[in-house]
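Inspection log for the structure reproduced underneath, given as structure tokens.
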Number of protein chains: 2
Amino acid sequence: MRRNLCQPGPRHDALIRLLQTAEVIWEGSRILFSRWALSPSQFNLLNLLKNEPAGMSQTELGRQLVMHKSNVTGLVDRLQKRGLVDRRKTLGDRRAYSVVITEKGRRIIAEILPHYYSATESVMAPISLKRVNDLISDISRIMEHAHQLTHEVKDRK
Amino acid sequence: MRRNLCQPGPRHDALIRLLQTAEVIWEGSRILFSRWALSPSQFNLLNLLKNEPAGMSQTELGRQLVMHKSNVTGLVDRLQKRGLVDRRKTLGDRRAYSVVITEKGRRIIAEILPHYYSATESVMAPISLKRVNDLISDISRIMEHAHQLTHEVKDRK
DNA sequence: CATGTAAAGTTGACATATCAACTATCGATA
DNA sequence: TATCGATAGTTGATATGTCAACTTTACATG
């Protein structure tokens with residue numbers, strides 16, 4: 001028997017801390033963005049769209065933001081109501097919308113970004129650049145592996 | 001002017017990846033726990049209580065699970081309805097409940113834990129033990145710093 | 001061309017999460 | 001002891017998130 005699979009070890013500890021850290025950072029970002037009455041998800045969506053002049057379909061938004069497509073509907077609804085994004089009919093596909101950021105949305109993002117970058121740098125300040133690079137490579141491997149495992153489990157269903 | 005605060009650098013990249021990785025892992029855990037009709041939050045709550053024979057107040061649960069205390073109310077409600085936890089009146093304080101895990105809750109957690117530990121080890125398998133230790137130390141520093149920054153912003157309000 | 005299958009988006013039911021406002025209780029202290 | 005500020009928990013409003021079921025459209029293949 002492989003006892004190591006049934007008891008928490010350092011890898012488990014690392015995973016838990018990773019999740020907790022993400023929660024703390026997410027909570028901090030919620031407080032930061034509340035100055036502009038945006039939720040973290042709303043900011044992420046706008047921030048993603050600012051580099052997409054042609055916009056993006058809601059399904060693609062859901063994929064990139066790691067959320068169910070039905071959630072994108074409401075998110076876009078509320079942002080559209082505030083005039084920060086717009087739904088444009090797609091030429092090639094009459095099922096799909098192209099969600100684009102408006103000028104107003106662009107302005108609010110431009111106003112937030114300096115504070116946002118400043119905050120992210122500040123959070124990560126205690127980590128040396130060498131360590132940051134190790135971190136990126138390790139975390140990327142973990143993400144890839146987690147993704148793969150998740151799909152295996154899903155397909156088995 | 002400090003230009004570096006207004007442009008994304010490697011530290012920003014690391015932060016984003018950390019958050020995305022946490023989302024992917026959280027999603028994977030949701031699929032894992034769905035076999036027992038538990039949400040990740042429900043599992044975390046039960047898992048926390050299994051080592052607390054005296055139980056824990058809802059406020060303390062909220063603190064440890066990084067969630068608002070009003071959310072604990074509903075979470076405990078649903079778990080209590082399924083007979084997995086119980087609210088016990090506290091002797092010393094008539095305002096507070098002590099939330100304890102039931103025998104049924106203990107059984108379900110005992111059944112899940114091997115799969116859970118196996119899954120966490122599997123996710124983190126591509127990382128060497130040395131790197132895991134570095135990861136723990138770096139992430140802990142980040143969490144601590146993020147926590148501190150969040151409180152500063154909160155107090156300024 | 002017809003038909004079946006897949007994909008885009010919406011909807012309704014529900015869990016999860018926040019916040020503000022509320023009740024009840026605790027504790028310190030005047 | 002009376003009072004006042006803090007703490008435990010609930011409630012209602014709302015946002016965020018999942019899922020299953022649905023409509024509409026696209027596309028491949030007979």
Under 4.0 Å between a Lys/Arg side-chain N and an Asp/Glu carboxylate O for [X] and [Y]?
X	Y	answer
Arg131(B)	Asp138(B)	no
Asp86(B)	Lys104(B)	no
Asp134(B)	Lys130(B)	yes

Whole-Å distance between [N] [atom2] and [X] [atom1]?
X	N	atom1	atom2	value
Asn44(B)	dT16(C)	CG	P	11 Å
Lys89(A)	dG9(C)	NZ	P	9 Å
Lys81(B)	dC14(C)	NZ	P	11 Å
Gln58(B)	dT25(C)	CD	C1'	15 Å
Arg30(A)	dT18(C)	CZ	P	6 Å
Phe33(B)	dT16(C)	CZ	P	13 Å
Met56(A)	dG9(C)	CE	C1'	17 Å
Leu45(A)	dA15(D)	CG	P	16 Å

Interface polar pairs with nucleotides 25-29 of chain D, N/O, under 3.5 angstrom:
residue : atom : partner  : partner atom : Å
dT25(D) : O2   : Arg95(A) : NH1          : 3.4
dA26(D) : OP1  : Arg94(A) : N            : 2.9
dA26(D) : OP2  : Arg94(A) : NH2          : 3.1

Where the side chain of Thr59(A) is defined as all heavy atoms beyond and including C-beta, which of dG9(C), dT10(D), dA8(D) is the nearest nucleotide?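 Side chain of Thr59(A) sits closest to dG9(C).
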
Is there a residue in residues 15-26 of chain B whose heavy atoms reach under 4.0 Å of DNA chain C, and which residues are they?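 Correct list: empty, so none.
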
Which ones in residues 66-77 of chain A lie close to DNA chain C, meaning a heavy atom under 4.0 Å from one of its atoms?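 By residue number: Lys69(A), Ser70(A), Thr73(A).
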
Test side chain to side chain contact (heavy atoms under 4.5 Å, CB included) applied to Phe33(A) and Ser41(A), step by step: CA-CA 10 Å; Phe33(A) 298 135; Ser41(A) 291; over 6 Å; no

Roughly how far, to the nearest 0.5 Å, is CG of Asn133(B) from CG of Leu129(B)?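 Going from CG on Leu129(B) over to CG on Asn133(B), the span is 6.5 Å.
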
Looking at CG of Leu65(A) and CD of Gln42(A), how far apart are the two atoms once the value is rounded to the nearest 0.5 Å?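 Answer rounded to 0.5 Å: 11.5 Å.
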
Does NZ in Lys89(A) sit with more than 12 non-hydrogen atoms of other residues, nucleotides or ligands closer than 6.0 Å?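 Yes, NZ of Lys89(A) has more than 12 neighbouring heavy atoms, counting only those of other groups under 6.0 Å.
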
Applying the side-chain contact (heavy atoms from CB on, under 4.5 Å) criterion to Val85(B), which one of Val100(B), Leu61(B), Leu46(B) satisfies it?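 When side-chain contact (heavy atoms from CB on, under 4.5 Å) is applied between Val85(B) and each of Val100(B), Leu61(B), Leu46(B), only Leu46(B) qualifies.
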
Side-chain N or O of [X] versus OP1/OP2 of [N]: is the shortest distance under 4.0 Å?
X	N	result
Ser39(A)	dA15(D)	no
Gln42(A)	dT16(D)	yes
Arg78(B)	dT16(C)	yes
Arg87(B)	dT10(D)	yes

Do Ile142(B) and Leu135(A) have side-chain heavy atoms sitting under 4.5 Å apart?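 Side-chain contact under 4.5 Å: yes.
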
Heavy-atom check, side chain of Leu84(A) versus side chain of Leu38(A), under 4.5 Å: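 The answer is yes, as the side chains (C-beta and beyond) meet within the 4.5 Å cut-off.
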
Taking His12(B) for the side chain and Met124(A) for the main chain, is one N or O donor matched with an acceptor at less than 3.5 Å?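 Not at all, since once roles are kept as given, no pair shorter than 3.5 Å links the two residues.
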
Output yes when a side-chain donor or acceptor of Arg11(B) lies under 3.5 Å from a complementary backbone atom of Ile127(A), and no otherwise.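 Here the side-chain-to-backbone pair exists.
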
If you assign Ser41(B) and Ser98(A) each to the DNA chain C nucleotide with the nearest heavy atom, which residue ends up on the more 5' nucleotide?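 The residue mapped nearer the 5' terminus is Ser98(A).
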
